[in-house]
Amino acid sequence: MSAENSEYDVVVIGAGPGGYPAAIRAAQRGAKVALVEKEKVGGTCLNWGCIPTKALLASAELIDKAKDAEAFGLKIEGVQPDWPAIMARKNKITETLTGGVKQLLKANGITLIQGTASITPDKNVSVEADGGEQLLNAGKIIIATGSDPAELPTFDFSEPSVMTSTDGLALETVPESLIIVGSGVIGCEFATVFSAMGTSITMLELMDRILPTEDSRVSKQMRSVLRKRGIDIRTKTTVEKVLEYGPDGIKVELSTGDTLEADKLLISIGRKLNSSGLGLEEAGVELDARGTIAVNEKMETCVDGIFAIGDVTGGILLAHTATAEGLVAAENATGGNRSIDEKIVPACIFTTPEIGSVGLNTDKAADQGIDVNISRFQFGGLGKALAMGEDMGFVQLVLDRESDRILGAQIMGPHASDLIHEIAIAMKLGATSADIAETIHAHPSLAEAILEAAEAAHGQAIHAAPAKKK
Ligand code: FAD
């Protein structure tokens with residue numbers, strides 16, 4: 001690539017679920033847009049995150065179902081995962097989606113540039129690629145560079161036995177044994193995948209419970225689900241040191257003094273934000289010690305004309321928040337005036353069963369001293385859940401005691417990631433549990449569990465025994 005100058009109204013850096021929708025929205029609004037990506041269009045979400053994990057989880061769920069076939073009156077013998085085929089399916093889904101995004105970019109007239117971008121001191125964008133450097137004259141810049149897996153200094157990541165989530169999604173064979181360090185969303189999703197594949201798993205968590213940021217009831221029930229899958233969960237435990245990197249595995253000493261050996265060790269302790277090497281300090285963009293780019297509710301950084309969105313701005317590291325922020329930034333970069341509203345953000349964990357949550361949970365309400373009424377309904381009391389053979393879990397509503405308004409909800413159970421949106425919309429509209437209770441829900445449906453939880457708030461759930469009088 002020879003050094004050449006190109007003029008764009010908007011240059012977006014990073015083509016993940018924040019950057020590519022931002023580019024499309026800016027183009028829809030008539031801007032001349034360039035989108036720069038150093039690796040793969042679709043970013044973490046489509047290539048190393050949301051979608052590949054969900055593809056593997058779909059295979060894992062089918063294996064579990066097939067093993068349970070007799071309960072449905074079916075005889076299926078010899079259920080065996082075919083890992084190369086499972087990975088090929090995952091790769092095909094990823095390729096289909098990233099190919100689709102490329103077509104959308106083309107159809108919207110967006111110039112996709114492959115290379116590593118940085119911001120020049122005069123607030124334009126320089127792109128380095130194999131062929132040389134290209135300068136993009138940028139009216140507005142949207143930084144959407146996302147995040148990478150965080151690493152721990154205890155481990156040598158060049159050793160094949162040590163994996164990030166990205167490595168875990170590229171494994172050529174199923175490990176016989178796996179240590180998972182960190183029991184957050186990613187740790188629990190990987191545990192669900194590999195336990196279905198027959199891997200023997202030990203999960204280590206520094207805090208006193210798994211999924212430590214979730215509602216304590218959710219975290220307790222997920223612990224029992226994972227234990228039933230044969231996963232050895234050790235809380236208040238971490239790796240003290242690595243004793244040996246062998247040719248086929250790793251041996252570690254734990255903070256408890258125990259030693260553990262496994263074929264692979266997965267680190268799932270969080271994300272490192274991608275803000276270094278972008279020339280941000282020189283351009284005057286404010287960063288904190290963790291590398292988080294500071295933005296206001298319009299997704300503007302402190303430098304006029306430079307916006308930032310998605311994981312690199314910290315806060316809620318989810319694909320849908322990245323997208324929502326991308327659309328706000330794109331509109332503001334093209335003459336609009338929008339603010340992001342992240343008060344109501346559903347967050348989902350795609351374990352079996354799934355977990356969906358939104359707003360306040362019981363622990364946060366207690367921490368904030370908010371007087372809440374908690375109402376629950378168990379999927380075990382629901383006809384549809386029983387018919388599906390998925391009666392584990394519950395719907396829990398967190399209600400303002402005085403006004404009955406819904407402040408939050410946690411759903412653990414079948415299709416929780418879809419069901420949670422009924423509550424999100426109810427919250428957006430300022431609804432009460434009485435509003436939900438008075439809305440007729442179809443029968444038989446999983447959504448009836450939400451209706452029953454809302455009825456339970458008034459002591460009137462039909463399919464739950466009344467609480468015993470004290
Ligand atoms: P990213 O998706 O990280 O994209 C940033 C892009 O910028 C990358 O393609 C990168 O190559 C590019 N880039 C970086 N620096 C430069 C540069 N200098 N020049 C050019 N390009 C650059 N979220 C959910 O909502 N649901 C899920 O189910 C879910 N599952 C996940 C599972 C896993 C295993 C992981 C790791 C994450 C998961 N996430 C999930 C989180 C989600 O993937 C991220 O929150 C989301 O991808 C962030 O989007 P982004 O656009 O901010 O950044």
Side-chain angles (χ1 to χ4, degrees), residues 10-26 33-50 101 113 115-120 123-128 136 138 140-151 164-166 184-186 269-333 338-340 342 345 347:
V10 178
V11 175
V12 183
I13 307 177
Y20 83 74
I24 292 175
R25 179 54 52 88
V33 182
L35 174 61
V36 190
E37 171 55 53
K38 71 178 163 88
E39 290 186 64
K40 291 186 176 179
V41 164
T44 305
C45 173
L46 296 194
N47 297 289
W48 313 285
C50 324
V101 172
I113 301 172
T116 303
S118 59
I119 299 173
T120 59
K123 299 174 193 55
N124 287 310
V125 174
S126 155
V127 182
E128 287 211 25
L136 310 179
K140 301 276 171 21
I141 299 170
I142 300 177
I143 305 166
T145 46
S147 64
D148 281 327
E151 298 185 353
T164 62
S165 58
T166 306
V185 178
I186 295 175
I269 52 146
R271 307 282 297 171
K272 173 172 64 71
L273 309 186
N274 287 334
S275 55
S276 66
L278 282 169
L280 298 180
E281 289 86 350
E282 296 80 350
V285 175
E286 197 185 313
L287 293 168
D288 72 8
R290 201 189 154 208
T292 314
I293 302 181
V295 286
N296 63 15
E297 71 289 348
K298 295 185 189 300
M299 308 318 298
E300 293 164 329
T301 68
C302 61
V303 177
D304 195 29
I306 303 184
F307 299 76
I309 59 166
D311 281 10
V312 76
T313 61
I316 310 168
L317 305 195
L318 289 172
H320 41 287
T321 47
T323 301
E325 291 168 6
L327 300 182
V328 166
E331 291 181 29
N332 292 338
R338 269 190 65 193
S339 295
I340 190 81
E342 292 185 339
V345 178

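Note that the coordinates shown come from a computational prediction; the quantities given were computed from them, not determined experimentally.
What you find for Ala138 and Val11 is that their closest heavy atoms are CB-CG2, 3.5 Å. Listed here is the closest heavy atom pair of Glu281 and Leu287: OE2-CD1, 3.5 Å. Between Leu317 and Asp311, the shortest heavy-atom contact is CA-OD1, 3.4 Å. Of all heavy-atom pairs between Glu297 and Val328, the closest is O-CG1, 4.1 Å. Taking both residues in full, the closest heavy atoms of Val303 and Ala283 are given as CG2-O, 3.4 Å, listed atom of the first, atom of the second, then distance. Residues Lys123 and Ile141 come closest through the heavy atom pair O-CD1, 3.5 Å.
Residues Ile119 and Ile13 meet the side-chain proximity criterion, which asks for heavy atoms closer than 4.5 Å. In this structure, Leu136 and Ile113 have side chains that are in contact, with non-hydrogen atoms separated by less than 4.5 Å.
With rounding to the nearest 0.5 angstrom, the OG1 atom of Thr44 is 6.5 Å from the CG atom of Asp148. Between atom CG of residue Asn332 and atom OG of residue Ser339 there is a gap of 7.0 Å, rounded to the nearest 0.5 Å. Interatomic distance, CD of Glu325 versus CG of Leu318, reported as 10.0 Å (0.5 Å rounding). Atom CD1 of residue Ile293 and atom CG of residue Leu280 lie 5.0 Å apart, to the nearest 0.5 angstrom. Atom CZ of Arg338 and atom CG of Leu327 lie 6.5 Å apart (nearest 0.5 Å). Within the model, atoms CE of Met299 and OG1 of Thr313 stand 4.5 Å from one another, a figure rounded to the nearest 0.5 Å.
One N or O on the side chain of Thr145 and one on the backbone of Asn274 form a donor-acceptor pair closer than 3.5 Å. A donor-acceptor pair under 3.5 Å links the side-chain atoms of Arg271 to the main chain of Ser147, judged by distance alone. A donor-acceptor pair under 3.5 Å is formed between the side chain of Ser275 and the backbone N or O of Gly291. A donor-acceptor pair under 3.5 Å links the side-chain atoms of Thr323 to the main chain of Ala319, judged by distance alone. Between the side chain of Thr301 and the backbone N or O of Ile306 there is at least one donor-acceptor pair closer than 3.5 Å. Side chain of Glu37 to backbone of Ala15: a donor-acceptor contact under 3.5 angstrom is found. No donor-acceptor distance shorter than 3.5 angstrom exists from the side chain of Thr116 to the backbone of Lys38, with no hydrogens or angles considered.
Side-chain contact of Asn124 with Thr120: a donor-acceptor pair under 3.5 Å is absent, judged by distance alone.
For Lys298, the NZ atom is densely surrounded, since the number of other residues' heavy atoms within 6.0 Å is greater than 12. The environment of Glu286 atom CD is sparse: at most 12 non-hydrogen atoms of other residues, nucleotides or ligands sit within 6.0 angstrom.
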inquiry  = Between Thr321 and Glu342, does the side chain to side chain contact (heavy atoms under 4.5 Å, CB included) criterion hold? Intermediate values first, please.
reply    = CA-CA 8 Å; Thr321 47; Glu342 292 185 339; 3.8 Å; yes

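Taking Ser276 as the reference, nothing meets the side-chain hydrogen bond (donor to acceptor under 3.5 Å, both in side chains) condition, with sequence neighbours excluded.
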